Amino acid sequence: MRAMVFHGPGDLRDEQVPVVEPGAGEVLLRIEAALTCGTDVKTLRRGHPVMIPRVPTVFGHELAGTVAAVGAGVRGVREGDRAVAANSAPCRVCPLCQAGRPNLCEDLLFVNGAYGEYITLPERLVAANLVRLEPATPPARAAFAEPLACALGGIERARVEGGQTVVVFGHGPLGCLLAMIAAARKARVILVGKPGWRLTQVQRLGLGEIVDASTPDDVVGEVRAMTAGRGADVTIDATGRPEIWQQAIDAVGRGGSVVFFGGCAPGTSISVDTRRAHYEELALLGAFHHTPDLIRRAVELLEGGAVEPEGLITHRMDLGGVREALALMAAGQALKVLVEP
Ligand SMILES: [Zn+2]
Ligand SMILES: [Zn+2]
């Protein structure tokens, strides 16, 4: 089969690789839709020891397709079923898995290989995170399950509900998915983003009110002004920049929740006003990755139409276009590229 294979930072090759027949508990999926992700851009630039511990490996991690073959003992899916797979599977036995927080599993198994014609899914992933789809669900929509599950995890951390004001910092695909889920819960959504090609695309989607992030000194004041001086009920950073984490704290109101969704570079830190954290009972919440439950609930949101993220797809390409797609992502000239092998 044809696949885009990651050999190390900056080294992505268009290759022919063998299709691996599924062993016991495994599933062979014919990939019909893969989506580019900001993580791909970062990983291609500098590698990713957690998500890609070994090279070479087929690149990409957001995918949906049709079951082409199942190994012995597989239950839940059959050949010909449409299905979506997450990019990781928890161990289910470590203390954090046992505590009901499998996104923090001590032995999370990561699976890559969206940018190929087929992927052989390992037993643990099949058991935990392969979800059968309704036959009518378009693969391009289903492929959003993984990033949408991450976004849903962030929204759940802050227990976002109708009537609240939710400020999302960052207008990348995940910022947009966070905004979409918050809007689906009938929250008022304010999206903070920098003007440019991507924000123009996002504005067309009508996800919420937009605040211009290009004058950072005014952002917090503007959010306060938009909320009668009180600050937001929930603020979410989806930029992964410590100065924006700081803004997210500054823009939240009394009793509010701040979700640190975007991961910052190693070694960075922020400072917290202890008076506000205490007397205003701020909830400062990290949010990382997804769980099997979140993946299933994301699929429900997609299949039920509560969230319709296809508007984030700005380009469509075949496997040969992956390098160009990731270059567009890196240049801020694409939100999501749909790759159809
Ligand atoms: Zn992703
Ligand atoms: Zn575990």
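It should be emphasised that the depicted structure is a prediction, and the values quoted were computed from it without experimental measurement. Residue numbers count from 1 along this sequence. Atoms within each ligand, like the ligands themselves, are counted from 1 in listed order.
Side-chain contact between R198 and L335 is present, with heavy atoms from C-beta onward closer than 4.5 Å. Taking the side chain as every heavy atom from C-beta outward, T291 and P90 never approach each other to under 4.5 Å.
Classification of the F110-H289 ring pair by plane angle, with boundaries at 30° and 60°, yields tilted.
In this structure, I190 shares a hydrophobic cluster with V167, F169, V192, V211, V219, V223, M226, I244, the cluster being traced through Ile, Leu, Val, Met, Phe, Trp and Tyr side chains under 4.5 angstrom apart.
A donor-acceptor contact shorter than 3.5 Å is absent between the side chain of N129 and the backbone of N87.
Grouping the Ile, Leu, Val, Met, Phe, Trp and Tyr side chains by contacts below 4.5 angstrom, directly or via other members, places V67 apart from M1.
Considering the Zn ion (ligand 2) as centre, the angle to SG of C94 and to SG of C91 is 110° (10° rounding).
Here the Zn ion (ligand 1) has protein N, O or S atoms under 2.8 Å from it, and they come to 3.
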